[in-house]
Structure formats: structure tokens, C-alpha cells
Amino acid sequence: MEARPVTTQAPTGRVLNIQHFCTNDGPGIRTTVFLKGCSLRCKWCCNPESIHPKPELAYDLKKCIGEKECGLCLKECPESAIYVIESDGKVRINWDLCTNCGQCVPVCPPKALYLFGQEMTVDQVLDEVEQDSTFYRESGGGITLSGGECLLQPEFSAALLARAHERGITTAIETAGNVPWAFMEQVLPHVDTMLHDHKLTDPARHKKWVGVDNTRILANYKKAYETFPDTTFVARTPLIPGVNDDEGHIRAVLKFIRPHQNVRDYQLLPYHRFGESKYGFLGRVYELEDFTSPTPETVHRLQALIDEAFGRGGAARTAGRLP
């Protein structure tokens, strides 16, 4: 399919952060641009700060120096959402009242208050991405859009990836696929590699753990495989013990992807808890406190099924970052 032209007035996007020297987000060394906004509610999400589509207030209690030494944020909040706890003299946030206006952030000397996310232009993003251009040339890397769900900002994502191609940078995206097909169709002409999640295959279990069933997701993937035969697709499963770390799920994903030759690989992403602390910064509760990472034996056993299906043996192909 021919790439759609990108308008001269390229849109701005809501960017969470830009991470350099990534090795698990596509081929080679990559710069990963995380965008705000997600349409899923995975109970294991390690990037909770990416879910809300707009910039979002966060608070690190350990950095707060207290009302007596500071207290500036109390005077600045227009919603009176900041208050003091007498036991330690530090402030707390009433998250039900907070509107994420961010007026408290610039007056906080220890930076205990800060915003996740900012508006950026295509050129602002690419100027930072191009700082790593030497590594792209040497490793075959490039830019990867992630999230959240990067396809929920289709105009910005398409413009950013198209401009990256113009600058000679290869492109990739990470997606969970729960978007209107029109969004995927708009962005994929500018994508060299699409990394995409198969979290659960049973629709009811998918809805229980992710918030929606997988009907639209699977339809989008199948249509993408068929509509963009020259794009490289890499399937992925975030491997959660007791949720989807079973042979039935892995075999079902293999059955779905193997008829399509442009699905070049299937990777496992073992569960970890690296993002747990961020829930507290956002006033949220992490629901999987009792979960542990899958055992090496489980990963090896499931990886063996994938290696057999792809006609290879030996080393497990797992990626390090869980979406």
C-alpha cells in the first residue's frame, strides 16, 4: 500500500519520555519514544503513567521537605487538592480533586511534584532522536514508538515516522492493537517493523485481565498482516504467571501467526515488577502484589514451542521490557 502524504503542518504529540540506547524494542540499538494514552487496562502494566492521554501529576513523598520548610504548593493549588499530614508535616494529594493542571510543579524546590508527559513537535522529537544516529548506522537500529498506545495518536505518529524515513532513520512501533483500523492503516505505511502483543487468546480471560476482549485486536492484526506484506511483524506475549504462561496460549498464538510469512518472530516478555513504585506516585494501587516472575523452566519450556514452530533451536528469544 502506498504511504499517505503527511500534511505540511505536522501535529504535536503528547510525549511521555524519550529513552535512548534501547536494545529490546526492535532491530539494533534504538531510541524509544513513549507516547501518552492507552485504551487497555492491563493489571500488570509497568507504565501506569502512560495510560492517561494528557500530562499527569505525580508526587514522590520521599522528596518532599515538608510544610515548615516549604509549603509553596499549598498556596498554588487552585483546587485545594494538596493538604498536610500532621504526623510527618509533609503534603499529600487528594487525587479525586486534582485536575493535573500542573501549577504546583514549578514552585516545588525538591521536585517532589512533577508532570508525566509534555507536548512536543515532530522536529523536537527527531532532533533528540538523531543524537543517536551513529548507533543506528552501526547496529541497524532506529526510532521506535511505544506507549501507552502510540496508535491512539495516529496523526502525530504517522508524521513522526514519515519524517524519520525522510532523515534516513528506520522505524518501528510497539502496539497492543486495540484501536480503530483506520488508525493502524494511517500509521503502518511508515513502519518498517511492528512489534505487537498477543496477551491472551481467550476473549473472556482477555477482558478479565486487560479490560476488553480481543475481537478487534485480532481482526486488526490479521488485516495488517495481509494489507502490509512488506512490513516485518514480531508477535509478543508479556508472560504473566497464572495468567497466560501455559502451552495452550502459546500454541494458539502460533496457530494465528504462522500462516503469515511476514510475522518473522514470536517473543516472550517475562513479567517483572519494575514499575510498581510508580503506582504510588500516581495515587493508585498495584493489583499484582503477590505475583512473581515466571521461572526459567517455564520460559524455557514455552520458548521451545516457539523455536520448534519457527524451525530453530537453542537460545531463547526473550525481550527484557514488559509492556
Side-chain angles (χ1 to χ4, degrees), residues 4-20 22 25 30-40 45-60 73 76-79 81-82 93 95 97-108 111-133 142-167 169 171-176 178-180 182-184 186-187 190-191 275 278 281-284 323:
R4 295 181 179 182
V6 177
T7 59
T8 303
Q9 294 296 325
T12 61
R14 294 177 297 278
V15 177
L16 177 61
N17 71 294
I18 300 175
Q19 186 172 320
H20 299 268
C22 301
D25 301 337
R30 310 193 71 81
T31 302
T32 302
V33 180
F34 294 87
L35 302 186
K36 288 277 282 175
C38 186
S39 57
L40 300 181
C45 179
C46 64
N47 292 320
E49 75 280 18
S50 70
I51 295 174
H52 196 287
K54 295 182 179 180
E56 188 173 18
L57 184 69
Y59 172 57
D60 188 344
C73 58
E76 199 67 30
C77 180
E79 306 298 333
I82 303 176
I93 311 296
W95 297 103
L97 295 179
C98 178
T99 61
N100 297 308
C101 69
Q103 290 182 216
C104 58
V105 173
V107 302
C108 180
K111 301 188 184 304
L113 293 161
Y114 51 97
L115 283 176
F116 279 124
Q118 61 178 316
E119 289 282 337
M120 296 184 72
T121 67
V122 167
D123 287 335
Q124 284 175 326
V125 173
L126 285 179
D127 286 347
E128 181 166 347
V129 168
E130 278 199 311
Q131 295 175 15
D132 300 333
S133 59
I143 182 176
T144 297
L145 297 191
S146 188
E149 174 54 72
C150 64
L151 294 180
L152 288 177
Q153 299 187 50
E155 291 82 9
F156 179 71
S157 294
L160 179 56
L161 296 176
R163 199 71 58 83
H165 272 163
E166 291 174 2
R167 298 191 187 192
I169 301 172
T171 64
I173 65 170
E174 294 182 325
T175 178
N178 187 45
V179 297
F183 291 5
M184 190 172 285
Q186 183 175 355
V187 176
H190 312 290
V191 173
K278 292 184 284 188
F281 297 159
L282 295 164
R284 300 178 193 165

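Position 1 is the first residue of the sequence, and the numbers go up from there.
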Legend entry - Partner residues of E56 under the salt bridge (Lys or Arg N to Asp or Glu O under 4.0 Å) criterion, sequence neighbours left out: K36, R284
Legend entry - Residues in salt bridge (Lys or Arg N to Asp or Glu O under 4.0 Å) contact with D60, at least two apart in sequence or another chain: none
Mind checking the [atom1]-[atom2] spacing from [X] to [Y]? Nearest 0.5 Å is all I need.
| X | Y | atom1 | atom2 | answer |
| --- | --- | --- | --- | --- |
| Q186 | L161 | CD | CG | 11.0 Å |
| T121 | F156 | OG1 | CZ | 7.5 Å |
| E49 | K278 | CD | NZ | 3.5 Å |
| L40 | N178 | CG | CG | 5.0 Å |
| E130 | D123 | CD | CG | 9.5 Å |
| L145 | F34 | CG | CZ | 10.5 Å |

Looking only at heavy atoms, what is the nearest atom pair of [X] and [Y], with distance?
| X | Y | answer |
| --- | --- | --- |
| P78 | Q103 | CG-OE1, 3.9 Å |
| A81 | L97 | CB-CB, 3.7 Å |
| W95 | G283 | NE1-CA, 3.2 Å |
| I82 | C104 | CD1-CB, 3.9 Å |
| N100 | L115 | O-CD2, 4.4 Å |
| V122 | A159 | CG2-CB, 4.0 Å |

Mind checking whether [X] and [Y] have side chains closer than 4.5 Å, heavy atoms only?
| X | Y | result |
| --- | --- | --- |
| E79 | C98 | no |
| S157 | L35 | yes |
| I18 | M120 | yes |
| H165 | R163 | no |
| L16 | Q118 | no |

Inset, instruction - Would you confirm whether D132, through its side chain, and T31, through its main-chain N or O, come within 3.5 Å as a donor-acceptor pair? - result: no
Legend entry - Backbone N/O of P53 and side chain of R14: donor-acceptor pair under 3.5 Å: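 Answer holds: yes.
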State which residues pass side chain to side chain contact (heavy atoms under 4.5 Å, CB included) with [X]; sequence neighbours excluded, sorted by chain then number.
| X | result |
| --- | --- |
| T144 | D25, R30, T32, A172, E174 |
| P106 | none |
| A164 | L126, I143, I169, T171 |

Inset, instruction - Let me see the working for C73 and L113 under side-chain contact (heavy atoms from CB on, under 4.5 Å), right down to the final yes or no. - result: CA-CA 9 Å; C73 58; L113 293 161; 3.7 Å; yes
Legend entry - Test item: side-chain donor near acceptor, H20 and E128, under 3.5 Å: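 Checked: H20/E128 side chains pair up, N/O donor to acceptor below 3.5 Å.
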Inset, instruction - Verify the distance criterion only: is there a donor paired with an acceptor across the side chains of E149 and S39 at less than 3.5 Å? - result: no
Inset, instruction - Take S146 and I173 through the test side-chain contact (heavy atoms from CB on, under 4.5 Å) and record every step on the way to the result. - result: CA-CA 6 Å; S146 188; I173 65 170; over 6 Å; no
Legend entry - Counterpart residues, ring-ring contact (aromatic ring centres under 6.0 Å, His included), relative to F116 (two or more places apart): Y114
Legend entry - Candidate pair R167 and V129, rule side-chain contact (heavy atoms from CB on, under 4.5 Å), full reasoning: CA-CA 11 Å; R167 298 191 187 192; V129 168; over 6 Å; no
